[in-house]
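Structure first, commentary second.
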Amino acid sequence: MEQRTDVVDPQDLMDLPLPRPSECPFGPSPDFARLRVESPVVQVRCPTGMRAWLVSRYADVREVLGDAERFSSRTGQVPHMMGHADPGRPVRPGEFTRMDGAEYQRFRRHIGPEVGTPKRLAELRPRVEAIVDERIDALAAGGPKADFYGDFTVPVTTAAISGVVGVPYADRHLFHHAAAAVFSDVTSEPEMAAAMRPLHAYLYQLVRSRREDPQDDGVSRIIARSEQANEPFTEAELVSMCAVMLVAGFDTTATALAHGMFALLAYREQYARLRADPSLIPSAVEEIVRCFGGAAGIARQVTRDTEIGGTPVRAGDYVVVAIQAADRDPAEFEDPDTIDVGRRMSGHLGFGYGTHQCFGQQTARLELSVVLEKLTRRIPSLRLASAVEEVPFKENTPVIGPAAVPVTWDEILPRERGQR
């Protein structure tokens, strides 16, 4: 399906509003407040040159994400932000995030038991707790200052997703390097293929090894379930699936967690509320995801002539739904620009919505919950080590958030003293 070119001269389009952390470190571009009212569905020019309909109202965003028949995922999630991601190229074997319908569900039903069932989450919790405690111990050994993003959230989420898939933590550099390329300003498909080659080669060997000698890990269990299905996964499909889980599973969560903690420490009364009342942690997790999930937006392609919020769109058009703008819509959330760890809500879109909502959302919730539980117990004096305006932000990437979060503390309690 090709995109139409007869709508508006690209030179007449407004640019896709991008975050401006110097003005708004804890929210999307201020332009969205106006767009939601004046132009809730408007054509924009994206950083990659792609033209798309930008959708910013909560109701409209939810409608697009919830209707996979009218709005296809074949584009990939963020081709509007990644120059190497051609939304029109054929879908490769195992590239399940660009599939729809039964084709997509074939993959999701095998991944789901590894990242989302109550039984699996109960098994994962002790592992995640141990990982978080180890990183807090490392902070204590390293001194009274650290980068919360680089020294804490990245190692925590890396170890967690490594354990889920079955990749030794010592081999993390392979998917770190691949993710750095995927979420960078690399613009050519050959460059991207070269960056992914070492990880794919590694995963081919891992898949073959697990076929011959299954272990107690995600890869082995996915292979076993697949072998019982009508259409078992090929090696190429398994490799691609594992690569997606590894590359997408660590830095998106790490960045959201770092951004969330940055906000909680900037508004210290919110961190104090969690210390005083740990029963607020589940709502704090949802508030972090509402405020900082899906920052780059999500792309879709229109499959037939239709409307979005009363605006006609045609088959072949691209759509970008502004997740964070939707989750700041005052029609849906009271006082939406305020970060409130006790907010009572349901239905935020930080993990997406519909059939393609984040497949690892329950694992991400678990990681966020354990981190907040452990930090508030063991580092009650945690605070920012620099002014809010001095915290650097990432550039040229769809994973939007702080590049570093300098923190400090007075004391880190040992594990036994940190237990409530």
Could you give the distance from [atom1] ([X]) to [atom2] ([Y]), rounded to the nearest 0.5 Å?
X	Y	atom1	atom2	result
Ile222	Met245	CD1	CE	5.0 Å
Arg45	Asp15	CZ	CG	4.5 Å
Ile379	Phe152	CD1	CZ	7.0 Å
Ser162	Asp217	OG	CG	11.5 Å
Ser56	Glu38	OG	CD	10.5 Å
Asp86	Met192	CG	CE	13.0 Å

Among Val156, Thr153, Val371, Thr157, which one satisfies side chain to side chain contact (heavy atoms under 4.5 Å, CB included) with Thr253?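 Considering Val156, Thr153, Val371, Thr157, a side chain to side chain contact (heavy atoms under 4.5 Å, CB included) with Thr253 is found only for Thr157.
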What residue among Leu206, Leu199, Val219, Ile111 forms side chain to side chain contact (heavy atoms under 4.5 Å, CB included) with Cys242?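 Testing Cys242 for a side chain to side chain contact (heavy atoms under 4.5 Å, CB included) against Leu206, Leu199, Val219, Ile111 leaves exactly one candidate, Val219.
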For the side chain of [X] and the backbone of [Y], is there at least one donor-acceptor N/O pair under 3.5 Å apart?
X	Y	answer
Asp100	Ser73	yes
Asp305	Arg314	no
Gln357	Gly354	yes
Gln301	Thr75	no
Thr48	Gly83	no
Thr255	Thr252	no
Arg108	Thr355	yes
Gln324	Cys291	yes
Arg343	Thr338	yes
His356	Met99	yes

[atom1]/[X]: more than 12 non-hydrogen atoms of other groups inside 6.0 Å:
X	atom1	value
Tyr267	OH	no
Glu227	CD	yes
Asp216	CG	no
Glu69	CD	no

Any salt bridge (Lys or Arg N to Asp or Glu O under 4.0 Å) pairs touching [range], not counting sequence neighbours?
range	result
residues 351-363	none
residues 264-273	Arg273-Asp340
residues 291-300	none

Polar contact flag, side-chain donor to acceptor under 3.5 angstrom, Thr158-Arg172: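 No, Arg172 and Thr158 have no side-chain donor paired with an acceptor closer than 3.5 Å.
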Between Glu286 and His348, do the side chains contain an N or O donor and an N or O acceptor separated by less than 3.5 Å?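 The criterion, which ignores hydrogens and geometry beyond distance, is satisfied for His348 and Glu286.
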[X] and [Y]: which non-hydrogen atoms are nearest, and at how many Å?
X	Y	result
Asp151	Arg135	O-NH2, 3.0 Å
Ala295	Ile400	CB-CB, 3.8 Å
Leu16	Cys46	CB-CA, 4.2 Å
Ser72	Thr303	CB-CG2, 3.7 Å
Tyr149	Ala403	CD2-O, 3.2 Å
Pro79	Ala299	CD-CB, 3.6 Å

Quick one: does NZ or CZ of Arg290 land under 6.0 Å from the six-membered ring centre of Phe333, within 45 degrees of the ring axis?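 Flagged: Arg290 positioned over aromatic ring of Phe333.
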Is it true that Arg62 and Asp329 have a side-chain N and a carboxylate O under 4.0 angstrom from each other?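 Asp329 and Arg62: not salt-bridged.
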Using side-chain heavy atoms (C-beta onward) and a distance below 4.5 Å, is [X] in contact with [Y]?
X	Y	result
Val391	Pro406	yes
Val313	Thr306	yes
Leu35	Pro17	yes
Val320	Trp53	no
Arg120	Val115	no
Leu139	Phe148	no
Glu307	Val41	no
Leu257	Phe292	no

Tyr271: which residues meet the ring-ring contact (aromatic ring centres under 6.0 Å, His included) condition with it, sequence neighbours left out?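 So Tyr271 forms no ring-ring contact (aromatic ring centres under 6.0 Å, His included) with any residue.
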Carefully, step by step, assess Leu238 and Arg211 under the rule side-chain contact (heavy atoms from CB on, under 4.5 Å). CA-CA 11 Å; Leu238 286 163; Arg211 279 194 190 279; 3.3 Å; yes
Test of ring centre spacing under 6.0 Å for Phe96 and Phe359: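 Ring centroids of Phe96 and Phe359 are less than 6.0 Å from each other.
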Can you list the steps and then say if Asp327 with Tyr58 is a side-chain contact (heavy atoms from CB on, under 4.5 Å)? CA-CA 7 Å; Asp327 276 343; Tyr58 178 91; 4.1 Å; yes
Kindly write out the residues that satisfy side chain to side chain contact (heavy atoms under 4.5 Å, CB included) with His200, not counting sequence neighbours, or none if the list is empty.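 For His200, the residues satisfying side chain to side chain contact (heavy atoms under 4.5 Å, CB included) (neighbours in sequence not counted) are Met196, Val239, Ala243.
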Would Leu18 and Met81 count as a side-chain contact (heavy atoms from CB on, under 4.5 Å) if you check the C-alpha gap in whole Å, the side-chain angles of each, and the deciding distance to 0.1 Å? CA-CA 10 Å; Leu18 298 176; Met81 296 289 288; 4.0 Å; yes
Apply side-chain contact (heavy atoms from CB on, under 4.5 Å) to Val182 and Met82, showing your working. CA-CA 8 Å; Val182 168; Met82 301 191 303; 4.2 Å; yes
Sorted by first residue and then second, give each side-chain hydrogen bond (donor to acceptor under 3.5 Å, both in side chains) pair with at least one member in residues 23-36; sequence neighbours left out.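 Passing the test, one end in residues 23-36: Arg20-Glu23, Arg20-Ser29, Arg20-Asp31, Ser29-Asp31.
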Classify the ring geometry of His110 against Phe233: parallel below 30°, tilted from 30° to 60°, perpendicular beyond 60°.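 Geometry flag for Phe233 against His110: perpendicular rings.
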Classify the ring geometry of His259 against Phe26: parallel below 30°, tilted from 30° to 60°, perpendicular beyond 60°.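 His259 and Phe26: tilted rings.
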